[in-house]
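Just so it is clear, the values below take in all heavy atoms, side chains as well, and ignore hydrogens, waters and symmetry mates. Chain A is the first sequence line, chain B the second, and so forth, proteins listed ahead of strands; every chain is numbered from 1.
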Amino acid sequence: MIGAAHPVARAAQKILLVVGAGVLSAAVCSTGVRVSGVGEDDDAIRAAQVSNTPSMSPRTLPAEETEALRSLRRAAEAESSTSYSGTKFFSSWSATGGESALAKIRHVPGRGTYLELLSPSASESGDSSHGDPIVDIGVDLTEKALSILANHYRLKLAEFELCLGRPVSVVEATKLDGVHPSGRFWIDDETGLVLRRELYDNTGKPIGASAFLDITVSDPASGAMESPSTDGTIPGALDQDEVSDLREDGWRLPNGLPGGFALYSARAVKSDASGDPSVVQLAYTDGLFAVSLFAQRGRLDAAAMGDFSKTLVGKNTAYSKPGLYRHVIVDAGDMVYTLVSDAPDTKVDEIISSLPHHSADPGLLSRVARGIDRVATWINPFD
Amino acid sequence: MTASRRDPHLGALVAAVADGALDHAARDRALAHLARCEQCRGEVDEQRRIKALMAGMSKPAPPPPGLAERLAAIPETTAKGANTNEILPADPCQARFRTVGRPAADKKERAAAVGPRRSDSERPLDGRPGHRTGPAGPGRGRRRRIAATAASGIAVFALTLATVAFVGGGEDPVPVTPQVGTFTVEHARVTGGLPGTEVDVGAVDVENSRR
């Protein structure tokens, strides 16, 4: 009968309409949440990108800077082709204290750097610690790093002097808008090796130094022959598409960091049983200083922080420990970042403040948004 | 006494006999047979009992007392022009509501019982309609249905929201303990080629942390 639907059918129609309206409203709400919630992080990351992306058009270098850059390039090449051994000291200074170490170093290109840490008591007792060889896998990054350096720093071939009785060239790197040098390198004229290196903060105060107390250089040719293991590729390297996929899966991986730090390397340090990354390393540099950000999904087990000191930086809780490298672990809600860097304290603090924070408890609307996404994936046969 | 071969049993005619569906002649012959045949008599009696039982099942139960009055008290909204009886409620305000089940009142009598219509001067000063009392009319019923629909809508919306939120929840972040020593080495490995960093520093840092 036309116009006289069954009461049950009418009720069903009403319920269907109401459910539809409810789902539609929830979808609208959730869309709003996503825009205002994740959007904040996106804005932060985008802002970082804008401020950090190195100028795509390379700076035209005057002749003096070109000569200084050539010296640095030679130093990078020497590290990957020259065998040497010697005694070296390392020092680092920060607001929380200083750290120094003395070690015997043996470097074989492609095989790694062997280190024997020395201390007064160890020297007296003959005891020493033998670490595993550490293989430098960043050899293919030199050119990229040097181009970033040249775009962010003014280079100067300062003077010629002697270091360990050997003639060296001293290269200074000063921020384009800076007054004091941020780094000085003493480069052996004969081998191209860096015999001494000093880093400074923006006031000119030293924050790190390393220098050989004695050095023995082996035949570069023999060193090259002992280089079978490194092919210049980075294990676990992630390309841009893979990083984008991780971001879509909820990983918050900044494309850049404040202070002119650009992302130049991303890799999966560890993977789970299914092959998905469980630890992602993002390496940033402004050409001189380097920052590694190790990202892990989950919440920080604060009970395991031991000798780290706890501070609150912005919305993030940070645990830091001084050392030759500064280590800062950031609890960003549902992500844990571990920052390892030799950058000055002010730069590190600025970076920590910029890291995106998401509450581990997403709240009702975010859960609704995620629920709609999940239901959509169940319904969508092409997903 | 039993039927002879010349006087066979009723057989299929038993039901017709019980129903009274035979014509006169056939009925007479059947009744004559029944007088002599105990078996057929029993079958016809059985057939009649079944029929009575079936008839009793199909008979509707008598309505409970007072049902008609209660039904009459239920307000109804009817289409314009429907043949519906009206009664005069006790409250004059209900005069415009129609009720089913009571005899129709003469329009003049009704008008007399209701009295004059409320004039504008008698309405509340704030312009709101006067407060209604007494049995519910069709307007109130409609509002109740609207309210009920809205309430059920809100309930369904809340239920949908809760379901979707439940589906979207349930992922507690796993506890993470960063392996700082490993990360230091990895940092040194990746950044060792940079001018400001060197792989050795990472090695020293790790050795220091081991001590």
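With chain B as the partner, the residue from A:E198, A:Q281, A:M335 showing the most heavy-atom pairs under 4.5 Å is A:Q281.
In this structure B:F183 satisfies the ring pair (Phe, Tyr, Trp, His ring centres under 6.0 Å) test together with A:F294, sequence neighbours excluded. In this view, A:A304 and A:D301, B:T177 satisfy the side chain to side chain contact (heavy atoms under 4.5 Å, CB included) rule, not counting sequence neighbours.
Side-chain atoms of A:S341 come within 3.5 Å of backbone N or O of A:A290 as a donor-acceptor pair.
Looking at A:V171, neither its backbone nor its side chain comes within 4.5 Å of chain B, counting heavy atoms on both sides. Interface remark: A:L300 contributes backbone and side-chain atoms alike to the contact with chain B (heavy atom separation under 4.5 Å). Neither the backbone nor the side chain of A:A75 comes within contact range of chain B; no heavy atom of the residue lies under 4.5 Å from a heavy atom of that chain. Contacts between A:Y153 and chain B at a heavy-atom distance below 4.5 Å are absent for every atom of the residue.
Using a 4.5 Å heavy-atom threshold, the side chains of B:T184 and A:H327 count as touching.
A salt bridge links B:K51 with B:D19: the closest approach of a Lys/Arg side-chain nitrogen to an acidic carboxylate oxygen falls below 4.0 angstrom.
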